[in-house]
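All of these numbers come straight from a predicted model, not from anything done at the bench.
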2 protein chains.
Amino acid sequence: MITELNIKQVEKISKALGDPYRLKIMKIISQSDSCVQCCDVSAEFNLAQSTMSHHLKQLIEADLLIADKEGRNLKFVVNKEVCAAYAKYISDFGL
Amino acid sequence: MITELNIKQVEKISKALGDPYRLKIMKIISQSDSCVQCCDVSAEFNLAQSTMSHHLKQLIEADLLIADKEGRNLKFVVNKEVCAAYAKYISDFGL
DNA sequence: TAAAAACATCGAAATATTTAGATATTCAAA
DNA sequence: TTTGAATATCTAAATATTTCGATGTTTTTA
């Protein structure tokens with residue numbers, strides 16, 4: 001359960017979101033109703049597998065995505081709590 | 001009046017927020033009840049004036065801050081609409 | 001009008017990020 | 001148990017960002 005993010009976490013999340021590929025990854029995963037597999041995400045982009053892996057890692061380390069390893073596959077869902085907490089942090093700038 | 005942000009704008013805003021100094025600048029300006037002057041912001045940090053100017057420029061170009069030049073001084077307020085629109089974009093990942 | 005204050009811009013060094021290829025690991029299926 | 005599929009890690013090059021000092025611009029004030 002996330003109550004509030006600290007400034008370091010907000011910085012990390014912002015950095016993770018500051019890239020066109022990673023934003024598109026978030027969009028794809030958020031718009032899918034079920035879990036999305038790593039290789040399905042990769043197929044959408046014209047990037048090397050290692051590059052994709054690197055982008056996904058950043059989103060996971062920022063807690064924006066939750067990864068679930070099933071056998072040799074990796075599935076993702078959006079971390080709704082972190083998205084909400086981050087959004088709140090930013091919208092509070094406007095209060 | 002901002003209705004919705006496009007992905008390029010979201011990327012730019014995220015990049016602007018992905019730095020500890022710029023996050024602190026946003027906090028300082030958002031927490032002040034009146035406009036904040038550039039030199040007041042600079043005084044809070046141990047950074048060269050040109051560096052400060054660069055950080056503020058990024059926040060302004062991302063539309064997170066609105067700058068108002070009064071004589072030789074520059075005053076800021078938070079762009080509430082953009083903060084809200086950005087927060088919505090991100091929190092929508094969790095829907 | 002000369003000096004100073006507030007901010008912007010330029011150029012360059014230091015640092016960080018992005019990307020791909022090569023290789024390693026881990027699990028599944030033949 | 002060997003092969004292949006999915007993903008991770010390492011290394012290195014290309015690119016981008018951060019930072020500062022020097023200098024430029026604009027406006028205020030002495």
Tell me the ring pair (Phe, Tyr, Trp, His ring centres under 6.0 Å) pairs involving residues 29-50 of chain B, sequence neighbours left out?
->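 Counting only pairs at least two positions apart or across chains, the ring pair (Phe, Tyr, Trp, His ring centres under 6.0 Å) contacts touching residues 29-50 of chain B are B/Tyr21-B/Phe45.
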
Could you tell me how far apart [X] ([atom1]) and [N] ([atom2]) are, to the nearest whole angstrom?
| X | N | atom1 | atom2 | answer |
| --- | --- | --- | --- | --- |
| A/Glu70 | C/dC27 | CD | C1' | 13 Å |
| B/Leu47 | C/dC7 | CG | C1' | 15 Å |
| B/Leu74 | C/dA8 | CG | C1' | 10 Å |
| B/Met52 | C/dA6 | CE | C1' | 14 Å |
| A/Gln49 | C/dA22 | CD | C1' | 11 Å |
| B/Phe76 | C/dA6 | CZ | C1' | 11 Å |
| A/Lys57 | C/dT17 | NZ | P | 13 Å |
| A/Asn46 | C/dT18 | CG | P | 18 Å |

Please check if A/Ile90 and B/Ile60 belong to a single hydrophobic cluster, counting links between Ile, Leu, Val, Met, Phe, Trp and Tyr side chain heavy atoms closer than 4.5 Å.
->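 Per the 4.5 Å side-chain linkage, A/Ile90 and B/Ile60 are co-clustered.
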
Looking at [X], I'd like to know whether one of its side-chain N or O atoms comes within less than 4.0 Å of OP1 or OP2 on [N].
| X | N | value |
| --- | --- | --- |
| A/Arg72 | C/dA29 | no |
| A/His55 | C/dT17 | no |
| B/Ser53 | C/dA8 | yes |

Flag side-chain contact, heavy atom, 4.5 Å: A/Ile13 against B/Leu17 =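 SC-SC contact between A/Ile13 and B/Leu17 ruled out.
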
Take A/Lys15 and B/Ile60, find for each the nucleotide of DNA chain C with the closest heavy atom, and name the residue whose nucleotide sits nearer the 5' end.
->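 With A/Lys15 and B/Ile60 compared, the 5'-side residue is B/Ile60.
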
So which pairs with a foot in residues 54-67 of chain B pass side chain to side chain donor-acceptor pair (under 3.5 Å), sequence neighbours left out?
->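 Checked against side chain to side chain donor-acceptor pair (under 3.5 Å) - neighbours excluded - the pairs reaching residues 54-67 of chain B are B/Arg22-B/His55, B/Arg22-B/Gln58, B/His54-B/Gln58.
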
For A/Ser53 and A/Gln49, indicate whether the former's side chain and the latter's backbone hold a donor-acceptor pair under 3.5 Å.
->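 Looks like no, no N/O pair under 3.5 Å.
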
B/Ser91 side-chain N/O to B/Ala87 backbone N/O, donor-acceptor pair under 3.5 Å =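 At least one qualifying donor-acceptor pair exists.
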
Remember a base hit wins even if backbone is also touched, and classify B/Leu56 as base, sugar-phosphate or nothing at under 4.0 Å, heavy atoms.
->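 Nothing, no nucleic acid heavy atom in range.
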
Which part of the nucleic acid, if any, lies within contact of A/Gln58, taking any heavy atom under 4.0 Å across all strands shown: a base, the sugar-phosphate backbone alone, or nothing?
->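 Sugar-phosphate, no base atom in range.
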
Flag yes if more than 12 heavy atoms outside B/Asn46 fall under 6.0 Å of its CG atom; otherwise flag no.
->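 Counting other residues, nucleotides and ligands, CG of B/Asn46 stays at 12 neighbours or fewer.
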
Outermost DNA chain D nucleotides near chain B [under 4.0 Å, heavy atoms] =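 Contact boundaries, 5' end first: D/dT17 to D/dT28.
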
